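For reference, the structure is listed below as structure tokens.
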Amino acid sequence: MSTHEPLARAYEPAAVEAKWFPRWEEAGNFHGAPNPDKKAYSIVIPPPNVTGILTLGHVLNNTLQDILCRYHRMKGEEVCWFPGTDHAGIATEARVEKYLRKEENTGRDELGREEFIRRVWQWKGEFGGKIIRQLRTLGCSCDWERERFTMDEGLSNAVRKVFVELYRKGYIYRGQRMINWCPVAKSALSDEEVIYKDVAGKFYHFRYPLSDGSGYLVVATTRPETMFGDTAVAVNPADERYKHLIGRTVKLPLTDREIPIIADEHADPTKGTGCVKITPAHDPNDFEVGKRHNLEVINVMNPDATLNSRAGEQFEGLDRFAARELCVKLLTEQGLVEKIEEIRHAVGYSERGDVPIETLVSYQWFCNMKELAKPAIEAVKSGRIKFYPERWSKTYFHWMENIQDWCISRQIWWGHRIPAWYNDDNGEVYVGLEAPTAPGRWRQEEDVLDTWFSSWLWPFSIMGWPEETPELRYFYPTCDLVTGPDIIFFWVARMIMAGCEFMKEVPFRNVYFTSIIRDEQGRKLSKSLGNSPDPLDVIATYGADALRFTIVYIAPVGMDIRYSNEKCEIGKTFANKLWNACRFRQMQGDVSAEFRELPPELVAKLSGDERWMLAKLDAAIDSVNTAIAEFRFHSAAHEIYDLVWTSFCDWFIEAEKVPMRSGGAEKERALAVLDYALYRILRLLHPFMPFITEELAHQMGFLADGETIMYQPYPERDACAAADPAELDRIDGKFELVRGGRFLKASYNLPDGKKVRFFIKAVDADARAFLESEKASLMSLMNAEGIEFSLADYDPAVHGAAPSQVCRLGTVYLPLADLIDVAAEKSRLEKQKKELEGWIAGSRAKLSNERFLAKAPENVVADARAKLAEMEEKLARTVELLSSLG
RNA sequence: GGGCGAUUAGCUCAGUUGGUUAGAGCGUUUGCUUUACACGCAAAAUGUCGGGGGUUCGAGUCCCUCAUCGCCCACCA
């Protein structure tokens with residue numbers, strides 16, 4: 001059956017990985033389609049920005065999704081993983097603007113709206129979606145035929161429909177409100193797009209002279225340049241210090257305006273001087289104060305955060321930071337600066353622009369979220385949607401229960417243009433799917449929608465909504481969502497709201513929040529720090545399988561990951577280990593016919609080692625299935641790693657070399673079990689390391705050309721070789737003796753390969769009979785040329801002095817009369833004796849404690865008794881050994 | 001200010017509902033071309049599980065408290 005070339009000595013992933021992906025794709029293995037005979041399993045990819053390139057965050061995120069998809073596919077479900085990209089309004093617009101500026105020295109302003117948008121599409125066609133190609137390198141089994149983009153026609157329809165519906169429901173409205181303004185994007189932002197940074201700043205205390213010349217008030221501010229927008233000074237009505245000033249006016253420095261001193265609760269007498277300058281246009285609190293007192297709202301800034309004409313000739317056109325310096329300089333000259341304190345304070349930054357945002361008043365479109373949030377809160381409360389780790393639901397509830405109106409309009413061009421039209425003749429506003437047909441001079445809203453206003457529809461817009469497609473009926477709601485906790489508000493919460501509102505059904509059942517990847521020092525990965533490895537380089541060095549496996553293997557549950565490229569050695573060496581296990585098997589001859597299932601007559605003849613291996617395999621299979629069901633991916637990876645490396649390679653293969661050497665039926669049986677185990681291992685591992693497992697399944701002859709491991713059944717516990725615990729324990733006892741013997745050799749620095757003779761005193765006749773039956777195995781595993789079994793004590797007078805190891809099936813001696821260091825051996829045994837005595841004392845104390853006996857469960861007490869007896873036996877033998885050394 | 005998380009071997013981390021003498025990988029030390037694998041094999045060493053208190057027959061695990069570090073939200077004229 002095996003017609004393959006012998007496996008190379010070391011695994012080289014590059015060629016293998018490059019080979020399989022196109023084959024899978026061409027064979028349509030990734031395609032999912034409604035199939036009433038199968039259970040549906042679907043995932044939507046968190047759409048990466050169309051400008052994006054693959055980062056380690058994507059690697060983790062998409063590896064986990066791929067594991068889930070491949071797992072469910074092997075479980076026989078109809079799997080569809082919907083891929084696509086996000087148009088990422090502000091980010092893309094900035095990116096293309098930069099590109100045009102560099103390449104053609106042109107840009108937005110020169111090109112105009114229509115042409116600019118055309119150029120963005122052109123850029124997208126040429127450079128966009130790079131990340132989609134990179135995801136293939138990683139092995140992602142998305143249904144690539146279904147790739148979508150948030151600005152595709154269908155998805156844009158969905159956006160318009162949702163906008164119109166929410167407008168008609170009265171949730172979406174246009175209004176003048178205080179918003180976050182990004183001077184770089186020159187656009188409004190939502191609250192979520194503002195990140196607060198603790199930065200060094202100055203707290204300026206200025207004197208505002210009373211208009212009547214009778215003195216001054218001191219106000220404190222961190223933003224001197226906004227003073228041109230001051231329209232009052234507030235004091236607390238209960239503040240005795242200033243009561244007499246209420247209703248009077250101060251002269252606003254650097255201007256010719258007089259502004260009133262007003263009484264308002266907002267002024268906190270305990271803070272600063274108790275006097276607050278009120279700038280309604282540039283501070284949310286002041287805006288509220290302004291409304292209460294009917295104050296004028298004076299916006300002193302241009303969209304790019306330079307000052308405008310309201311700041312006066314000297315300041316007009318100055319950048320806000322330059323204006324700040326000039327303000328302080330002029331006020332200092334006028335003797336109006338009381339003091340300047342150095343402080344650290346939180347300043348809101350634009351997430352994309354990475355500059356301080358301005359809060360200012362402007363006309364924007366908003367969506368009232370209160371009603372939308374209600375069913376979405378309920379969906380998580382009731383458990384219809386589950387979060388993993390569960391604690392994120394607390395974050396979710398807190399945000400949802402205090403949800404604010406969402407500012408959805410952006411003053412950029414790249415995005416979904418808001419389907420609202422203004423009639424310049426009569427001021428009428430029309431909102432609809434298409435332009436109004438009523439007569440008049442209609443002008444469409446210039447603004448576009450927040451990118452997330454399309455992303456929140458992703459789980460159903462990607463399936464064709466608002467059309468009633470078969471995909472929607474079959475694959476919606478999706479099953480699992482895998483994403484980072486950083487977008488729980490931006491995306492996850494909003495998708496749940498949109499699903500409940502427009503589909504009347506939650507968009508997914510489970511949300512798994514991944515870890516955040518950091519470098520070895522715990523810093524976030526970022527381009528500017530230069531600590532963000534390119535996954536493509538990592539794949540070139542270690543292989544995609546190795547990267548996938550490693551990142552899952554090292555990802556702690558619900559915590560940040562400390563990543564470094566060197567850690568990919570874990571995955572790389574593991575792949576190589578598996579490769580060589582197969583290589584070894586291949587060198588023993590062709591694959592057995594029984595690799596899929598062991599026939600009963602063969603099962604009846606299995607050796608203890610073989611049943612031990614099958615038991616280990618079953619236990620691992622159970623653990624892996626449970627772990628995946630609970631999204632404990634790293635635990636599954638560890639389980640498989642340990643199964644392959646320790647149980648299969650270190651013990652089982654080594655043990656099976658004995659029956660394989662003996663040839664004939666023994667060998668046949670050994671090879672059948674090896675094949676059976678290997679094929680199960682390959683399938684168990686496939687979701688984690690898709691390439692190497694597919695390659696080996698073919699190289700070994702488990703699969704024929706045209707077949708794929710992707711659609712072979714995922715291993716389930718196999719009752720064919722139900723394990724007898726007593727037998728498994730005996731096999732473990734044998735391995736313990738092997739370790740004992742190896743230890744003795746190592747203690748005397750004997751080369752591991754040196755043939756020696758051991759003496760084993762068994763604890764009883766049963767143990768002796770079992771060990772004698774395992775003689776060949778023991779000799780092989782301990783590299784011995786002879787073993788003498790006995791029930792009688794070891795006699796140094798006959799065999800010479802010997803170091804020994806006390807094990808549960810017996811004591812193993814290594815007769816080395818001329819080499820033994822009696823003093824060292826005695827001290828080692830003394831140490832062991834002391835440890836045992838300590839343990840026994842503790843155990844006896846516990847067992848003589850009546851409350852322990854009364855309250856502890858029976859099995860715990862029984863175990864303790866058994867263990868104590870064992871330890872006492874071991875102590876007795878240790879004492880004997882000591883006395884035999886004289 | 002509110003919330004969440006972390007603190008276990010030199011490093012990075014496991015340790016499901018409390019129940020043997022707390023584990024793994026890397027690193028370190030020693031010895032090895034043994035019928036796959038030096039990307040390997042065999043063996044060894046290293047821990048008052050952050051401090052303190054409590055509950056319990058029994059605590060790395062549950063409760064309280066303190067400390068340090070990190071994240072999120074809110075506020076900061």
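Note that the structure is predicted; figures quoted are calculated from it, not measured. Chain letters run A, B, ... following the sequence lines, proteins first, then strands; residues in each count from 1.
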How long is the line joining CD1 of Ile517(A) and P of U12(B), in whole Å?
-> 17 Å
Option among Glu837(A), Gln832(A), Lys833(A) that satisfies the side-chain hydrogen bond (donor to acceptor under 3.5 Å, both in side chains) test with Thr878(A) | Gln832(A)
Reckon Ala267(A) touches a base, only the sugar-phosphate, or nothing at all at heavy-atom distances under 4.0 Å?
-> base
Using a 4.0 Å heavy-atom cut-off across all strands, classify Phe489(A) as base, sugar-phosphate, or nothing.
-> sugar-phosphate
Check the distance between U16(B)'s C1' and Ile628(A)'s CD1 and give it to me in whole angstrom.
-> 16 Å
Any residue meeting ring pair (Phe, Tyr, Trp, His ring centres under 6.0 Å) with Phe584(A), in chain and number order, not counting sequence neighbours | none
From the list Asn580(A), Leu674(A), Leu7(A), Ile653(A), side chain to side chain contact (heavy atoms under 4.5 Å, CB included) partner of Arg585(A) resolves to Leu674(A)
Looking only at N and O atoms, is any donor in the side chain of Arg632(A) or the base of U16(B) less than 3.5 Å from an acceptor on the other one?
-> no
Under 4.0 Å from any atom of RNA chain B, heavy atoms only: list the residues of residues 390-399 of chain A that qualify, in numerical order.
-> Arg391(A), Lys394(A), His398(A)
Anything under 3.5 Å between a protein N or O and an N or O of nucleotides 19-27 of chain B, put it in a table, one pair a line.
unit_1: U20(B); atom_1: O2; unit_2: Lys867(A); atom_2: NZ; d: 3.4
unit_1: U21(B); atom_1: OP1; unit_2: Trp839(A); atom_2: NE1; d: 3.3
unit_1: U21(B); atom_1: O4'; unit_2: Trp839(A); atom_2: NE1; d: 3.4
unit_1: U21(B); atom_1: N1; unit_2: Trp839(A); atom_2: NE1; d: 3.1

Figure out the CG/P separation between Asn859(A) and G18(B), and round it to whole Å.
-> 14 Å
Just call it for Ala10(A): base, sugar-phosphate, or nothing, with non-hydrogen atoms closer than 4.0 Å on any strand.
-> base
Euclidean distance for C1', U7(B) against U48(B) (whole angstrom) | 16 Å
Is a salt bridge present between Arg632(A) and Glu639(A), judged by a nitrogen-to-oxygen distance below 4.0 Å?
-> no
Verdict with supporting geometry, Ser780(A) and Arg661(A), side-chain hydrogen bond (donor to acceptor under 3.5 Å, both in side chains) | CA-CA 11 Å; Ser780(A) 174; Arg661(A) 264 195 296 260; 3.0 Å; yes
Is it true that atom CD of Glu401(A) has more than 12 heavy atoms of other residues, nucleotides or ligands lying nearer than 6.0 Å?
-> yes
Identify whether any heavy atom of Arg223(A) sits under 4.0 Å from a base atom; if not, whether one sits that close to sugar-phosphate; answer base, sugar-phosphate or nothing.
-> nothing
Span that lies between the P atom of C71(B) and that of C63(B), in whole angstrom | 25 Å
Parallel, tilted or perpendicular: which describes the rings of Phe688(A) and Phe549(A), with under 30° parallel and over 60° perpendicular?
-> perpendicular
Which protein N or O atoms sit under 3.5 Å from an N or O of nucleotides 40-47 of chain B?
unit_1: G40(B); atom_1: O3'; unit_2: Lys577(A); atom_2: NZ; d: 3.1
unit_1: C41(B); atom_1: OP1; unit_2: Lys577(A); atom_2: NZ; d: 2.7
unit_1: C41(B); atom_1: OP1; unit_2: Trp645(A); atom_2: NE1; d: 2.7

Could you tell me whether Arg844(A) and Glu872(A) make a salt bridge, using a distance below 4.0 angstrom between a side-chain N and a carboxylate O?
-> yes
Base-pair map of RNA chain B as dot-bracket, where | denotes pairing with a different strand and pairs are Watson-Crick or G-U under 3.5 Å = (((((((..((((.....[...)))).(((((.......))))).....(((((..]....))))))))))))....
When you compare A59(B) with G52(B), how far apart are their C1' atoms, in angstrom units rounded to a whole number?
-> 15 Å
May I ask you to decide if Ile692(A)'s main-chain N or O and Asp545(A)'s side chain share a donor-acceptor pair within less than 3.5 Å?
-> yes
Sorted by chain and residue number, the salt bridge (Lys or Arg N to Asp or Glu O under 4.0 Å) partners of Glu736(A) (sequence neighbours excluded) come out as Arg808(A)
Arg661(A) CZ to U35(B) C1', in whole Å, measures 7 Å
Can you find a side-chain donor-acceptor pair between Tyr196(A) and Asp198(A) that sits under 3.5 Å?
-> no
Parallel, tilted or perpendicular: which fits the ring planes of Phe387(A) and Tyr396(A), with parallel below 30° and perpendicular above 60°?
-> perpendicular
